[in-house]
Amino acid sequence: MATGDFIRDIIEDDLRTGKHAGRVKTRFPPEPNGYLHIGHAKSICLNFGIGDQYGSRTNLRFDDTNPAKEDVEYVESIQHDVRWLGFDFGEQALYASDYFDEMYELAEDLVRAGKAYVDHCSEDEIRDYRGSLREPGRPSPYRDRAVEENLTLLRRMRDGDLPDGTCVLRARIDMSASNMKLRDPLLYRIRHEHHDRTGDAWPIYPLYDYAHPLSDAIEGITHSICTLEFENNRPLYDWVIEHTGVSERHGFSRPQQIEFARLKLDYTVMSKRKLLLLVEDGHVSGWDDPRMPTIAGMRRRGYRPEAIRAFADLIGVAKVNSTVDIGKLEFCVRDDLNQVAPRVLGVLRPLKVTLTSWPEGEVEELTGPYFPADIGKPGERTIPFGREILIDRDDFSLDPPAGYQRLAPGRTVRLRHGYAITCDEVVEEDGEVVALRASHVPDSVGKTPAGVDISGVVHWVSAAHAVPAEVRLYDRLFSVPRPEEGAGDITETLNPDSLEVVGGAMVEPSLDGAKPGSHWQLERVGYFVVDAVDSEPGRLVLNRTVTLRDSWTGTAEAPAPQVQEKSAKAKTRPPKKSRVEYRAEARLRDPVLADRLAAWPSAYGLSEEDADLLTGDRPTGDLFVEAIGAATPAAVARWIVNELPPALGDRELADTALTGPALGALVAAMEAGEITGPVAKDVFAEMVETGADPRTVIAERGLAQVSDDAAIAAIVDGVLAANAGKVDEYSAGKTALFGFFVGQVIKGSQGKANPQVVQRLVRDRLS
RNA sequence: UGCGAGGUAGUGCAACCGGCACCACGCCUGGCUCUGAACCAGGAAAUCCGGGUUCGAAUCCUGGCCUCGCAGCCA
């Protein structure tokens, strides 16, 4: 189920143009400093999904460049989670540290080429020299050190001669770049630190901006997909690959970095730091606490990989930062479990019901299928039934509200898969209902005797046969939708009811000995999983994965309050310099432009706005002047203002073959009605490309406007005949289709049909 | 503030070259039902704002507004 997102669009384009010689290769590059969470799952599904789709194996590569923060515990859990999600990265994961030798060699190359230098500034000095968002940085005093000296120093760094923090290796790019990432970024820092894989071999470690592009290039990655916050790093990514020549060295095309929006979810947090805090401060039982958005937590909660992958599919991939409604995840989980979880009976808070009409000691074996008919799966189990049964307290009401479909005094309900029973008597103690006495309706299993009025269906277990279970009811971790946006500590908004342990639950005997990790639906209650950690023979522990959807609006609890506290970050930014100002400045510098602005509106009948746009630079204005010979100046101006920029793309006017006289001729032809607007745009595109003469193109291709009723009517009839269904919809009131018909006719004429004539004829035919 | 990215129903995501605003979750109605589930049918609900180009603008031009990211020897 390949969804077409913007990344796959890029890949398709690259495949068409042969950019990477037909190869597609992606990677997932986690830093082993925490457990994977649902946000990573989105990225994993994206990268591995693309790999699967294009038949290439996706690399799992650990970005292990900072030994101080990383741990083998995480590399193991990450591999386990990726495999559990259903993805294959081969026998071995890869490691950035495997490329340390080559990275170092390339660093020496950079130094030799004068593109990197060793800087002895302190951390504070480096920050200071870097400047700020508004001021450019200043060169470090060490920036122009001799190549030989840099080389010697770099080798001393590598040899471990220098203590931590004495110096760093920096790329020599541009200290005044407006993109801060380009202000001589750090490549290597000294860290006398033991590394899990390279041991004590290296006292220096590369930084992300250096290690990451090199790792991608070495592995022959074609599309390096990362999150939005790395957009500013892309020029640096490209710089490293270009100036080290690493791709060429390995015989690969250069990888392309593409950024997408990371996943955010309601009612939870996603940053590793905050998750770690929840674990360390004991707000949850560990990384795999079922309330955690970690893969491990969701697994223990009972989410299956299928559900997580479906979720990744559902939310799509885009460049807009957005927060996904956690209900979508729950939908995917239910949708998945609905197909696979056998249905069984269990009561959370038992209320004893004695069936006075049922003989003491008599047990009947009822049977119930594991799946409802629409799932279409086989299997059934027996359910013992006796004089004493247990139902859920929630299924009885002394004073039932309107529409209540459960048990109440005098009412009759169906016991799921069993008899109908009627509540005869309520046993109360201290004003509390402690038990019920009821009678069964004879011969009501599988049928309803005439005259019996059944209020609803209720789940139950036999008191004598049921097995006890500990049930853990999980709910969202936070009580507010955006815990990270509040002013204070995130722990202040933790949901106090995110875990409720129900000790006295009773489930049907078939659940005795259920396998840890197995999924069940307790009918009318929810989906549950047998806890993989705490459940053992003789002690059944069930985690509620997700509730059943509940569409009963009768007494539905009020929806969680939508706390809106967006003011926290609603600081308004000062306005930035607009393009108007740039044009105004240009006119200040160049009196010719200023004169043009002053003179042209009255001289040529231009609007102030068009005049402004035409006089921001010389070439645009020159083009205008050269073009107005044959055509009306205002029309030429409109064309330059509206049609030139999209035709230009990133090019400068001077880089195209477009000339003023040719443009004038085109506009004149259009004004004279010789050609239509759409045709003019096509011709214009070609003029920009090749410098063709518009008259020649029009004549040679026969692009003259068609206004002849008969010719157009023929096309109209053809279009209406080919879209009979749409015509019916139109007659039925869908008038928005009018534009569709007009568009089809104009396309049918290759854009040559006079639009007014088309409109008139379509209108005639349709009425 | 310099630079970069972005703004389509409540939510998420589409609409290649200007021509039917798509789909899904959620919500509301109804149907079916021995799960108030599932399933089926129907419905309400959106192009950030202003101006312009065009027969026609979510899409092109233009002005504005709003949001996010960048000043770690983190990634």
Side-chain angles (χ1 to χ4, degrees), chain A residues 3-5 9 29 31 33 63 65-66 69 123 126-127 130-137 164-165 168 177-181 183 186 188-191 207-209 212 228-234 259 261 266 314-325 327-328 331 334 338 343 372 374-375 403 405-406 414-418 446 448 454 456-457 459 521 523-525 548-554 569-570 572-580 607 609-610 613 638-639 641-646 677-678 726 729 734 736-744 746-747 754-756 758-759:
Chain A
T3 57
D5 50 67
D9 288 347
E31 182 186 15
N33 68 344
D63 220 337
T65 57
N66 189 0
K69 288 187 167 183
E123 222 173 316
I126 286 179
R127 194 182 5 261
R130 185 148 38 215
S132 71
L133 295 179
R134 59 188 99 65
E135 315 143 18
D164 286 8
V168 291
S178 47
N179 179 349
M180 307 252 343
K181 297 288 177 195
R183 322 245 259 229
L186 276 56
Y188 272 96
R189 74 302 221 186
I190 302 174
R191 282 262 192 289
L207 281 107
Y208 170 85
D209 281 314
H212 194 256
L228 248 29
E229 69 269 27
F230 292 103
E231 271 168 339
N232 293 320
N233 302 54
R234 191 184 339 128
E259 309 87 12
D266 281 34
L314 180 74
I315 58 177
V317 181
K319 296 194 72 151
V320 241
N321 266 315
S322 53
T323 303
V324 177
D325 167 14
K328 287 186 175 54
F331 164 79
R334 289 188 187 108
N338 180 42
R343 273 65 166 174
D374 62 318
I375 303 297
Q405 296 180 15
R406 312 174 198 180
R414 154 89 51 201
L415 296 179
R416 177 70 165 158
H417 302 309
T448 304
I454 293 186
V457 182
H459 56 275
Q521 185 197 104
E523 292 203 46
R524 306 210 308 132
V525 179
L548 255 28
R549 183 164 171 267
D550 182 5
S551 61
W552 186 41
T553 48
K569 282 199 174 176
T572 44
R573 295 191 172 203
K576 71 170 175 184
K577 201 186 285 181
S578 65
R579 287 187 261 190
V580 207
S607 68
E609 186 184 320
D610 284 355
L613 261 10
R638 268 200 300 275
W639 195 269
V641 164
N642 289 302
E643 307 300 342
L644 182 60
K726 304 263 193 199
E729 286 178 54
K734 193 170 177 186
L737 247 19
F738 187 76
F740 166 75
F741 295 125
V742 171
Q744 289 297 303
I746 289 178
K747 274 195 190 101
N754 177 312
Q756 277 87 4
V758 174
Q759 294 237 4

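Letters A, B, ... mirror the listed sequences (proteins, then strands); counts begin at 1.
Listed by chain and number, the residues in a ring-ring contact (aromatic ring centres under 6.0 Å, His included) with Phe230(A) are Tyr208(A) (sequence neighbours excluded). A search for side chain to side chain donor-acceptor pair (under 3.5 Å) contacts involving Glu643(A) returns nothing, not counting sequence neighbours. Residues forming a side chain to side chain contact (heavy atoms under 4.5 Å, CB included) with Gln744(A) (at least two apart in sequence, or on another chain): Val719(A), Phe740(A). The side chain to side chain contact (heavy atoms under 4.5 Å, CB included) search around Val168(A) returns Asp119(A), Ile126(A), Arg170(A), Leu186(A), Arg189(A), not counting sequence neighbours. Listed by chain and residue number, nothing satisfies the ring-ring contact (aromatic ring centres under 6.0 Å, His included) test with His459(A) (two or more places apart in sequence, or in another chain). For Arg191(A), the side chain to side chain donor-acceptor pair (under 3.5 Å) criterion is met by no residue, not counting sequence neighbours. Considering only residues two or more places apart in sequence or on other chains, Arg416(A) meets the salt bridge (charged side-chain N to carboxylate O under 4.0 Å, His left out) condition with Glu523(A). Residues passing the salt bridge (charged side-chain N to carboxylate O under 4.0 Å, His left out) test with Glu123(A), sequence neighbours excluded: none. Partners of Arg127(A) under the side chain to side chain donor-acceptor pair (under 3.5 Å) rule, at least two apart in sequence or in another chain, are Asp124(A).
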Summarise protein proximity over nucleotides 13-19 of chain B in one line of letters, 5' to 3': B for base, S for sugar-phosphate only, - for none, counting protein heavy atoms closer than 4.0 Å.
-> SS---BB
Footprint string (nucleotides 39-49 of chain B, 5' to 3'): B base within contact, S backbone only, - free, heavy atoms under 4.0 Å = -----------
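Residue-level contact check: Arg130(A) touches the backbone only, with heavy atoms under 4.0 Å from sugar-phosphate atoms and none from bases. When heavy atoms are screened at a 4.0 angstrom cut-off, Asn233(A) is found touching base atoms of the nucleic acid. Backbone-only contact: Gln756(A) has heavy atoms under 4.0 Å from sugar-phosphate atoms and none from a base. As judged by a 4.0 angstrom heavy-atom cut-off over every strand, Arg406(A) is placed among the base-contacting residues. His417(A) comes within contact range of at least one nucleobase, with a heavy-atom separation under 4.0 Å. Within 4.0 Å of Arg234(A), counting heavy atoms only, lies no atom of the nucleic acid at all. The residue Pro646(A) sits close only to the backbone: its heavy atoms come under 4.0 Å of sugar-phosphate atoms, none of a base.
Between Tyr188(A) and Glu229(A), the residue anchored nearer the 5' end of RNA chain B, judged by the nucleotide with its closest heavy atom, is Glu229(A). Of the two residues near RNA chain B, Val580(A) and Gly131(A), the one whose nearest nucleotide lies more 5' is Val580(A).
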Output field dot_bracket for RNA chain B (Watson-Crick or G-U, both distances under 3.5 Å, | for other-strand pairs) contains .((((((..(((......[...))).(((((.......)))))....(((((..]....))))))))))).....
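The phosphate of C70(B) has neither OP1 nor OP2 within less than 4.0 Å of any side-chain N or O from Arg134(A). Between Arg638(A) and the phosphate of C61(B), there is no side-chain N or O to OP1/OP2 separation shorter than 4.0 Å.
A57(B) and G18(B) have their C1' atoms separated by 6 Å, with the value rounded to a whole Å.
Looking only at distances, a side-chain donor or acceptor of Asn179(A) sits under 3.5 Å from a matching main-chain atom of Asn232(A). A donor-acceptor distance shorter than 3.5 angstrom exists from the side chain of Arg183(A) to the backbone of Ser132(A), with no hydrogens or angles considered.
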